[in-house]
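Reviewing the structure listed below.
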Amino acid sequence: MTDQTSPAAPVPNPQPPAGAVALPSAFAAHLPLARSALDRAAHRRTEEGLFATLRADPSTRVVLLHRGRLATGPDGLALATPQDVAAVPEPHAATGDHSNTPRWVFLGEDAPSGTSFLALLLPDDADDLDLDIEGVDPSGPLSVLVRAHEWAGLRELASRLGPRDTGLATEAVALAAWHAANERCPRCGEPTVPVAAGWVRRCVAQDIEHYPRTDPAVIMAVVDPGAGPGQDRLLLGHAAHWPEGRFSTLAGYVEPGEGLEQAVRREVAEEVGVQVGEVVYRASQPWPFPASLMLGFTATALTTDIRPDGEEVTDARWFTRAQLVRATESGEVKLPSRSSIARALVEEWFGGPLAGE
């Protein structure tokens with residue numbers, strides 16, 4: 001979402017105090033999806049009758065998801081009450097393939113208020129109004145829920161949600177993607193069914209349990225220290241599938257048997273041909289699109305010749321602070337969204353906010 005009210009880029013601070021490095025905790029405070037203040041209360045996931053108990057409690061609140069998008073209201077998430085979703089059926093028998101039925105997931109509790117939270121994952125066809133499709137009733141409770149709300153993606157919402165709702169939304173989106181991708185057992189192909197309040201899927205044929213997985217990915221601000229203080233430059237790259245003018249920090253998945261620092265050095269060398277020395281961890285942020293954990297680093301370049309691989313990265317450039325200001329203000333360069341850790345890494349190096357979305 002374009003931020004039409006973004007301030008002009010501030011005068012950069014090209015010469016921070018010697019040895020001054022922001023603490024990871026302070027850096028993490030600027031990562032929208034890393035601000036969760038929710039107690040996941042994992043001990044309750046195997047509680048018998050949990051969904052029925054929480055749906056009978058008027059203080060329970062429900063996050064609604066449809067096609068990977070969240071129900072929204074004027075202030076962010078639109079949290080439903082048990083009464084709002086009373087007509088939605090309970091999860092039924094744990095057999096067979098129920099890919100077109102609603103799913104319930106227990107998200108956790110808000111410790112200060114004692115409120116419990118559920119997610120209701122609506123099937124893709126919940127908004128289908130074609131009466132000729134067998135079993136789809138446009139006047140049914142699922143269709144009513146879809147038509148009664150506005151819907152937005154997590155990327156759009158991230159920058160305007162508080163810590164509690166950030167945690168709820170991120171957790172719900174991640175689990176919705178996992179359920180959608182694991183309707184069948186990867187070992188035998190038979191259906192799986194949700195158990196443990198939506199946190200486990202069990203193969204109905206082999207009684208094997210499958211758990212959500214997260215894919216670690218490294219993302220790095222590669223810096224050329226230059227001739228001395230104030231002479232450093234930041235490396236940004238353009239991915240082949242991005243719109244024209246979009247530049248960001250480099251990133252890539254951690255390979256099997258690989259350490260994080262090794263992954264940083266390998267990815268930078270593979271994508272742009274630059275050799276990296278020191279690698280420093282900054283912070284992490286969940287990125288449930290569909291199931292990544294972004295691990296942020298700064299990395300010191302040992303070489304400066306750029307050779308984009310032409311497949312993943314088609315362009316890459318070094319920027320001084322002054323060059324980056326000119327490029328972003330003119331529209332020549334479009335930075336990643338404010339919901340991403342990439343934007344936080346860029347602005348940490350720059351020394352303050354930059355103009356743009």
Side-chain angles (χ1 to χ4, degrees), residues 33 36 38 40-52 54-55 62-71 85 88-108 117-128 135-136 142 145-146 151 153-155 166-217 252-256 284-295:
L33 301 187
S36 177
L38 188 70
R40 296 195 174 194
H43 63 281
R44 299 198 65 185
R45 294 173 188 169
T46 56
E47 184 178 313
E48 186 174 355
L50 177 62
F51 290 136
L54 296 183
R55 291 185 63 181
V62 182
V63 178
L64 303 175
L65 281 97
H66 181 237
R67 298 179 183 268
R69 297 171 70 79
L70 297 140
V85 295
V88 178
E90 294 279 355
H92 43 76
T95 57
D97 184 354
H98 304 312
S99 57
N100 292 319
T101 61
R103 303 185 184 96
W104 291 90
V105 176
F106 174 61
L107 297 178
F117 295 91
L118 300 174
L120 175 57
L121 315 182
L122 299 170
D124 285 354
D125 63 6
D127 60 346
D128 202 321
V136 175
L142 304 185
L145 280 173
V146 173
W151 302 84
L154 181 57
R155 287 182 176 92
T166 294
L168 289 170
T170 306
E171 183 180 348
V173 168
L175 284 168
W178 174 68
H179 280 289
N182 289 273
E183 294 288 349
R184 292 188 173 271
C185 176
R187 293 191 182 185
C188 68
E190 291 298 311
T192 62
V193 294
V195 295
W199 284 87
V200 178
R201 293 191 70 95
R202 188 175 64 232
C203 172
V204 298
Q206 301 183 73
D207 200 32
I208 298 172
E209 293 186 338
H210 301 283
Y211 294 82
R213 296 290 186 266
T214 298
D215 300 320
Y253 286 107
V254 181
E255 294 187 343
S284 65
Q285 173 170 281
W287 195 245
F289 309 110
S292 295
L293 176 66
M294 305 301 293
L295 300 146

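Computed over heavy atoms, backbone and side chain alike; hydrogens, waters and symmetry mates excluded. These figures come from a predicted structure and were not determined experimentally.
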For the pair [X] (side chain) and [Y] (backbone), establish whether a donor and an acceptor sit closer than 3.5 Å, ignoring hydrogens and angles.
X    : Y    : answer
H66  : L121 : no
W151 : V146 : yes
H210 : R202 : no

side-chain contact (heavy atoms from CB on, under 4.5 Å) partner of [X], chosen from [options]:
X    : options             : result
P286 : V173, T170, T166    : T170
L120 : V105, V85, L65, V63 : V85
L54  : W104, F117, F106    : F106

Considering all heavy atoms, the nearest [X]-[Y] contact:
X    : Y    : value
E209 : Y211 : OE1-OH, 2.8 Å
P191 : R184 : CD-NH1, 3.4 Å
R201 : P194 : NH1-CG, 3.5 Å
L38  : L168 : CD2-CD2, 3.6 Å
P288 : L33  : CD-CD1, 4.3 Å
T192 : C203 : CG2-CA, 4.0 Å

Separation of [Y] [atom2] from [X] [atom1] (nearest 0.5 Å):
X    : Y    : atom1 : atom2 : answer
D215 : M294 : CG    : CE    : 11.0 Å
W199 : E171 : CH2   : CD    : 4.0 Å
W287 : Q285 : CH2   : CD    : 6.5 Å

Partner residues of Q206 under the side chain to side chain donor-acceptor pair (under 3.5 Å) criterion, sequence neighbours left out
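Per chain and number, Q206 pairs via side chain to side chain donor-acceptor pair (under 3.5 Å) with no residue.
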
Query raised in the report: So R55 and L118, side-chain contact (heavy atoms from CB on, under 4.5 Å) or not? Walk me through it.
Result: CA-CA 9 Å; R55 291 185 63 181; L118 300 174; 4.1 Å; yes

With sequence neighbours excluded, residues passing side chain to side chain contact (heavy atoms under 4.5 Å, CB included) with S284: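 Partners of S284 under the side chain to side chain contact (heavy atoms under 4.5 Å, CB included) test: Y281, L293, L295.
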
Under the salt bridge (charged side-chain N to carboxylate O under 4.0 Å, His left out) test, which residues partner R45, sequence neighbours left out?
->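 If we apply the salt bridge (charged side-chain N to carboxylate O under 4.0 Å, His left out) test to R45, skipping adjacent residues, there are no hits.
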
